[in-house]
Protein chains: 2
Amino acid sequence: MAGIKDVATLAGVSVATVSRTINEPDKVTEQTRITVQKAIKKLNYHPNVLARDFRTRRTSRIIVLVPDISNTFFSNVIRGIQRQAKGLKYAVLLGETRNDKGIEREYASMVLSRQADGIIQFSPSNPFLDLAKDNDPLTDFWVNACECISDTTTPKIRIDNTKAMETIANQVLEMGHKKISVLLGPADSPLTISRLSGVYAALEKKKIDPKSLTKIEGDFSARSGTQAALDLLKIKTKPTAVLCFNDEMAFGLIHGLKQSGLSIPEDMSVTGFDDIELAQYCDPPLSTISQPAMQIGSTAMTALHKKINGKFNSDLEHILPADLIVRSSIAAPRQRQIS
Amino acid sequence: MAGIKDVATLAGVSVATVSRTINEPDKVTEQTRITVQKAIKKLNYHPNVLARDFRTRRTSRIIVLVPDISNTFFSNVIRGIQRQAKGLKYAVLLGETRNDKGIEREYASMVLSRQADGIIQFSPSNPFLDLAKDNDPLTDFWVNACECISDTTTPKIRIDNTKAMETIANQVLEMGHKKISVLLGPADSPLTISRLSGVYAALEKKKIDPKSLTKIEGDFSARSGTQAALDLLKIKTKPTAVLCFNDEMAFGLIHGLKQSGLSIPEDMSVTGFDDIELAQYCDPPLSTISQPAMQIGSTAMTALHKKINGKFNSDLEHILPADLIVRSSIAAPRQRQIS
DNA sequence: TTGAAAGCGTTACCAA
DNA sequence: TTGGTAACGCTTTCAA
């Protein structure tokens with residue numbers, strides 16, 4: 001395995017010059033640059049990054065902490081991170097946390113032991129909590145995406161969940177629905193809280209009694225959507241529309257409702273949130289909110305890069321636009337409510 | 001930040017002894033071990049992993065190369081890798097390749113430059129190809145999962161695609177279908193080839209003319225499934241069943257067929273492959289082949305670990321079991337074929 | 001069992 | 001612009 005020394009010898013220059021041609025090409029003559037690059041190619045030389053990292057105390061690696069890898073919405077965010085990371089010369093370490101604080105902490109300690117430069121966190125918690133014994137500045141190197149903590153120091157990259165939810169709720173109410181229901185995520189999740197307040201805002205605008213809103217708690221899984229269908233059918237005054245707080249639950253809900261003989265949207269309108277790829281192939285195609293997943297990812301990567309490099313960050317909150325996608329899973333309610 | 005030297009000084013021993021107490025505790029007296037550990041604690045010493053990696057030429061990091069992160073089947077394999085990696089003390093670097101050989105090569109060079117110890121590759125190609133000028137032993141550190149190359153040296157972890165496809169084709173033929181169609185992946189993909197031969201095997205068993213099989217090429221995306229529906233409807237003698245080579249395409253196909261007024265499975269039976277989470281929430285629920293995704297991942301991680309550590313590997317081919325999942329997307333054909 | 005010391009392959013400082 | 005060379009913090013011989 002050829003080392004920098006071999007390259008230097010072959011090119012007839014010093015190791016310092018080889019190092020420079022690689023890292024600061026502007027600081028060498030074009031002449032020597034060409035010679036050195038030729039030698040590099042000839043020897044098939046790959047710099048030993050371990051040695052470089054060791055020397056520079058930098059890894060060019062960042063960690064992405066995601067609660068659930070198989071959620072396709074996250075996949076797209078990760079893809080955005082990945083692409084941006086490539087441009088900024090970072091490698092992406094992936095960690096699935098299943099919302100386990102212990103696992104989050106383990107990954108965070110990889111930053112303290114300099115195995116990675118920083119963290120992109122998708123959950124509303126500081127992974128460095130309880131870890132910052134020495135008030136270590138390294139514990140600052142993280143940004144929060146999608147579902148965010150409420151502090152004033154961490155960069156946040158997300159959509160306006162309240163506004164997005166209000167938009168889709170408005171759409172449903174405009175169609176004439178009076179009695180609606182929501183299928184929430186976990187009750188304590190900031191995502192659930194902010195989206196729910198969007199629903200309330202829409203109700204208020206239409207002067208509909210917020211108490212008429214039926215709330216069912218789910219966990220963002222399709223399975224919990226199917227479960228919710230059963231709960232829903234037990235209600236005496238059934239809603240004519242259900243707003244699900246993500247697409248997977250909407251899939252499960254629709255499945256459950258159909259099994260019980262209901263037609264969507266004739267008997268009940270259903271909406272989702274996220275616009276995962278399969279949403280348009282749902283039967284009926286799902287009305288939902290499209291999040292700019294890739295853009296969230298790339299923005300988060302850029303923000304982390306700035307944070308790591310100590311750049312001043314004037315805008316801590318990056319609120320990206322989300323779009324209402326109307327498909328045929330919603331329609332005006334029937335004149336009579338179903339019994 | 002305290003270093004190993006500080007610990008040595010405080011404990012009144014040499015750095016070598018400190019190193020030993022950390023890495024080979026059995027090789028030091030209990031007496032000194034205690035002294036050293038006390039010093040470590042007092043100084044809040046954390047070994048510099050960068051220095052250790054550099055010195056040992058090992059990173060405890062592996063790269064996972066996946067064509068498409070947002071494919072939920074891959075997500076589950078990755079999860080399996082992740083869990084196993086944790087036990088074996090590896091961190092997982094994720095790379096999305098979009099089947100781009102250039103990107104694969106870039107990641108492979110990260111192994112040569114010692115940023116990672118090895119690669120788990122999901123595509124049927126050697127990522128180190130064109131990169132191994134010096135016959136570098138490092139280029140051996142990879143394993144192939146799911147869709148595999150045909151050589152005799154690379155460990156392979158996959159299901160028996162031919163057999164699995166034959167199983168589901170048998171199921172459909174047993175139900176009485178005579179005229180069937182297949183929705184393939186890319187024609188040159190080993191996955192397509194092996195699964196297709198499974199279909200032929202099933203046809204032969206039933207003495208059905210293989211020429212009666214209508215083949216439509218897709219690209220494993222839902223969109224290509226919807227496109228295939230259009231193609232299918234143009235055929236004069238329509239099939240009564242379509243075997244899709246993955247679930248996403250089945251989703252798209254069913255969507256397209258329904259749009260054209262067909263009922264599934266009454267007018268046409270449809271099957272998928274992979275059993276992604278949403279398959280059971282499809283309308284009708286999708287019959288498919290369930291791959292042991294997590295197990296594929298963990299097995300691949302273990303195999304790579306062995307490869308890296310130069311362990312003799314008697315079984316290069318790990319063929320894992322796959323299950324037929326029968327749901328209501330298939331049924332006996334109608335007596336008369338639809339016009 | 002312990003210690004002294006030689007690297008590991010870079011980068012970065014200082015001189016030339 | 002270039003070269004010589006001292007770090008970087010650890011592991012790992014080799015002797016004691």
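As the structure is a computational prediction, the values presented were derived from the model and not from experiment. Below, all heavy atoms of this structure are taken into account, side chains as well, without hydrogens, waters or symmetry copies. Throughout, protein chains are lettered first and strands after them, A, B, ... in sequence-line order, and every chain is numbered starting at 1.
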Worksheet item: Across the strands shown, which category fits V49(A) at heavy-atom distances under 4.0 angstrom: base, sugar-phosphate, nothing?
Response: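 The residue V49(A) makes no contact with any strand.
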
Heavy atoms from C-beta onward define the side chain here; which of [options] lies closest to that of [X]?
{"X": "R55(A)", "options": "dG3(D), dT2(C), dT10(C)", "result": "dT10(C)"}
{"X": "Y45(B)", "options": "dC10(D), dG4(D), dT2(C)", "result": "dC10(D)"}
{"X": "F54(A)", "options": "dC8(D), dT13(D), dT11(D)", "result": "dC8(D)"}

Is any side-chain N or O of [X] closer than 4.0 Å to OP1 or OP2 of [N]?
{"X": "T56(B)", "N": "dT11(D)", "result": "no"}
{"X": "R57(A)", "N": "dG9(D)", "result": "yes"}
{"X": "R52(A)", "N": "dT11(C)", "result": "yes"}
{"X": "N23(B)", "N": "dT11(D)", "result": "yes"}
{"X": "T17(B)", "N": "dT2(C)", "result": "no"}
{"X": "T32(A)", "N": "dT2(D)", "result": "yes"}
{"X": "T29(A)", "N": "dT2(D)", "result": "yes"}

Fill in: Which residue lies more 5' along DNA chain C, comparing K27(B) with R114(B) via nearest heavy atoms
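The answer here is K27(B).
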
Fill in: Upstream residue (5' side of DNA chain C) when A51(B) and A16(B) are each assigned their closest nucleotide
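Nearest-nucleotide comparison on DNA chain C picks A16(B).
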
Length of the line joining [X]:[atom1] and [N]:[atom2], which is rounded to integer Å:
{"X": "K5(B)", "N": "dT11(D)", "atom1": "NZ", "atom2": "C1'", "answer": "15 Å"}
{"X": "L50(A)", "N": "dC8(C)", "atom1": "CG", "atom2": "C1'", "answer": "10 Å"}
{"X": "I4(A)", "N": "dT5(D)", "atom1": "CD1", "atom2": "P", "answer": "16 Å"}
{"X": "L43(B)", "N": "dG9(D)", "atom1": "CG", "atom2": "P", "answer": "15 Å"}
{"X": "R20(A)", "N": "dC13(C)", "atom1": "CZ", "atom2": "C1'", "answer": "10 Å"}

Taking [X] first and then [Y], would you say they form a salt bridge - that is, a charged N and a carboxylate O separated by under 4.0 Å?
{"X": "R114(B)", "Y": "D53(B)", "answer": "no"}
{"X": "D130(B)", "Y": "R105(B)", "answer": "yes"}
{"X": "K156(A)", "Y": "D151(A)", "answer": "yes"}
{"X": "R79(B)", "Y": "E96(A)", "answer": "yes"}

Worksheet entry | Nearest atoms (heavy-atom pairs only) where L191(A) meets C146(A) |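 The pair with the smallest heavy-atom distance is CD1-O, 3.8 Å.
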
